[in-house]
Amino acid sequence: MAGMETTDVVILGAGAAGLMAAIEAGRRGRRVIVLDHARAPGEKIRISGGGRCNFTNRALTRQNAMQRLLSANPRFALSALSRYTPDDFIARIDAAGIAWHEKHLGQLFCDGKATQVVDLLVRDLRAAGAELRLQVSVEGVSRTADGFSVATSAGPIAAQSVIVATGGKSIPKMGATGIGYQIARDFGLGLIETRPALVPLTFAEQDLARSAPLSGIALEARVGHGKIGFDEALLFTHRGLSGPAILQISSYWREGDAIEVDLMPGRDIAADLAEQRASTGKQALHNALARHMPDKLAQYIVADTGLTGRLADQPNTALAKIAERVHRWQVRPVGSEGYRTAEVTLGGVDTTDLDAKTLQARSVSGLYFIGEVVDVTGWLGGYNFQWAWASGWAAGQVA
Ligand code: FDA
């Protein structure tokens, strides 16, 4: 079209992945325009990790990557992840003088505010000569004779390459739109069904009535589903269950499934209660249990088992019943809190339609998909940002 603005690369979305790709493509001398409808770039980076950004995970290895990044094709992410590693991102953070610490399980957080990471990326983007345009909505992408035309609220832009970095569906309030999936569909790429992940799970009405008094109680637990289990904090909420252990398991849980919760991992509550029975058996059963956990939780568990009376009156079979409920609690959530609070979106652009090394669509030369819009979803703990950095870096080398 005569007079249409033209550039080398248009990047859709100024989140973690889009900013990284823009820096890398700009450093190669490409003319890059990054579009985002938000007022500020990297809004999810800003609010991530409780405002301190869990920017990577140094426990990530080639061996565990296929487990810690979920995808219909778990091998897909390995190429990008092995070429741009957690150490590579740490080196950038260090070079910028951003102080950080390891919390646990390899999770790295800024000592100060997450906005330092956004500032670092925007500074590098500008230094690389890329242009950031905010408050511009992307409406669609179409093929032209020599590249693409990107339709935006500020008019069309022609480009040789388009990198789709529009993220998932999580937290629509923050600008998630799902446009990336639409673009994939328009170009005939496959989609793996999406669902909210790293999200609190909810109880049925009748269960909530009983569990309501537990709201606010947090404890270290082991939460399992099938062969996978997480030893992390669990939190009772007024809707059901949350906390890192639950967010992690939510990526595996499906409607109708039960999850198994050990409320005292590594302990043997039947043995502890048998010992107490011999010394202080006069106390009520729930008081005996309350020596090991919050009082309200002990009452809830004892009520659940239907047992009453003093500890001294409980035969070993009763203690085994308590132990079953404490160590192998079968919980059947009815749902999740959905995209409203989910940290990420499972599923997305089918990786079989993308080249693992470049993130380019196999059937559409010049079109790339990076970050959360792709069917690669990490565990809680910095894995999602590492995927965003690595996939953005990989596309930025070639687009
Ligand atoms: P991202 O969502 O960051 O960016 C997409 C961009 O596209 C947005 O800026 C959006 O405005 C823009 N966009 C969408 N549609 C558009 C349209 N039609 N037109 C124009 N622009 C459009 N991960 C982690 O590793 N460590 C952590 O500590 C956390 N913490 C965390 C907390 C919370 C509350 C959430 C919600 C998520 C996390 N995450 C996380 C996950 C992490 O934030 C997420 O995986 C990455 O931000 C994904 O990066 P992307 O660049 O792919 O998408």
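Both counts, for ligands and for their atoms, begin at 1 and track the order of listing. All of these numbers come straight from a predicted model, not from anything done at the bench.
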Do [X] and [Y] meet the criterion of a side-chain donor-acceptor pair at a distance under 3.5 Å?
{"X": "D186", "Y": "Q182", "value": "yes"}
{"X": "T352", "Y": "D350", "value": "yes"}
{"X": "Q107", "Y": "E102", "value": "no"}
{"X": "R83", "Y": "Q397", "value": "no"}

* Side chain of E372, backbone of T345: donor and acceptor closer than 3.5 Å? ->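 Here the side-chain-to-backbone pair exists.
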Going by the order shown, which atoms of ligand 1 are within less than 4.0 Å of some heavy atom of [X]?
{"X": "I171", "answer": "36 (C)"}
{"X": "G382", "answer": "24 (C), 25 (O), 26 (N)"}
{"X": "G167", "answer": "2 (O), 5 (C), 52 (O), 53 (O)"}
{"X": "S137", "answer": "19 (N)"}
{"X": "N54", "answer": "24 (C), 25 (O), 26 (N), 27 (C), 28 (O)"}
{"X": "V136", "answer": "20 (C)"}
{"X": "V138", "answer": "17 (C), 18 (N), 19 (N), 20 (C)"}
{"X": "T166", "answer": "5 (C), 7 (O), 14 (C)"}

Could you identify the single nearest non-hydrogen protein atom to [atom] and state the distance to 0.1 Å?
{"atom": "atom 15 (N) of ligand 1", "value": "T177 OG1, 2.6 Å"}
{"atom": "atom 20 (C) of ligand 1", "value": "H37 N, 3.2 Å"}
{"atom": "atom 25 (O) of ligand 1", "value": "F385 N, 2.8 Å"}
{"atom": "atom 51 (O) of ligand 1", "value": "A17 N, 2.9 Å"}
{"atom": "atom 4 (O) of ligand 1", "value": "G15 CA, 3.4 Å"}

Measure from [atom] to every heavy atom in [options] and give the option owning the shortest one.
{"atom": "atom 30 (N) of ligand 1", "options": "G51, G42, S48, G180", "answer": "S48"}
{"atom": "atom 34 (C) of ligand 1", "options": "T341, V34, I47", "answer": "I47"}
{"atom": "atom 38 (C) of ligand 1", "options": "E343, E139, Q107", "answer": "E343"}
{"atom": "atom 9 (O) of ligand 1", "options": "D36, I183, I45", "answer": "D36"}
{"atom": "atom 45 (O) of ligand 1", "options": "Q386, Q135, E372", "answer": "E372"}

Counting both backbone and side chain atoms, is some N or O of [X] under 3.5 Å from an N or O of ligand 1?
{"X": "L12", "value": "no"}
{"X": "V344", "value": "no"}
{"X": "G49", "value": "yes"}
{"X": "C53", "value": "no"}

* To do: Could you label the plane-to-plane angle of the F55 and F89 rings as parallel, tilted or perpendicular, counting under 30° as parallel and over 60° as perpendicular?
  =>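 Answer is tilted, since the angle falls between 30° and 60°.
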* Please say whether more than 12 non-hydrogen atoms of neighbouring residues, nucleotides or ligands are located less than 6.0 Å from CD in Q206. =>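 Yes, the 6.0 Å shell around CD holds more than 12 heavy atoms from other groups.
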* What do you reckon, is CD of E205 surrounded by more than 12 foreign heavy atoms closer than 6.0 Å? ->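 Not more than 12 within 6.0 Å, no.
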* Asked: Does the salt bridge (charged side-chain N to carboxylate O under 4.0 Å, His left out) test come out yes or no for E131 and R133, once each step is laid out?
  -> CA-CA 7 Å; E131 189 190 335; R133 288 192 197 163; 2.7 Å; yes
* To do: In sequence, state the C-alpha distance, the side-chain angles, and the governing distance for E275 and R291, and then conclude on salt bridge (charged side-chain N to carboxylate O under 4.0 Å, His left out).
  => CA-CA 13 Å; E275 208 172 281; R291 287 185 47 189; over 6 Å; no
* To do: Identify whether the distance between the nearest side-chain nitrogen and carboxylate oxygen of R254 and D257 falls below 4.0 Å.
  =>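 Judged by the 4.0 Å cut-off on N to carboxylate O distance, R254 and D257 do not form a salt bridge.
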* Do Y84 and M66 share a hydrophobic cluster, counting only Ile, Leu, Val, Met, Phe, Trp and Tyr and linking them when any side-chain heavy atoms are less than 4.5 Å apart? ->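 No, Y84 and M66 fall in different hydrophobic clusters.
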* **With F385, the ring-ring contact (aromatic ring centres under 6.0 Å, His included) member among W387, W389, Y383** =>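 Testing each of W387, W389, Y383 against F385, the sole residue satisfying ring-ring contact (aromatic ring centres under 6.0 Å, His included) is W389.
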* **Distance under 6.0 Å and angle within 45° of ring axis: K169 vs Y181** =>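 That pair qualifies as a cation-pi contact.
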* Location of contacts on A165 toward ligand 1, heavy atoms closer than 4.0 Å ->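 Answer for A165: backbone.
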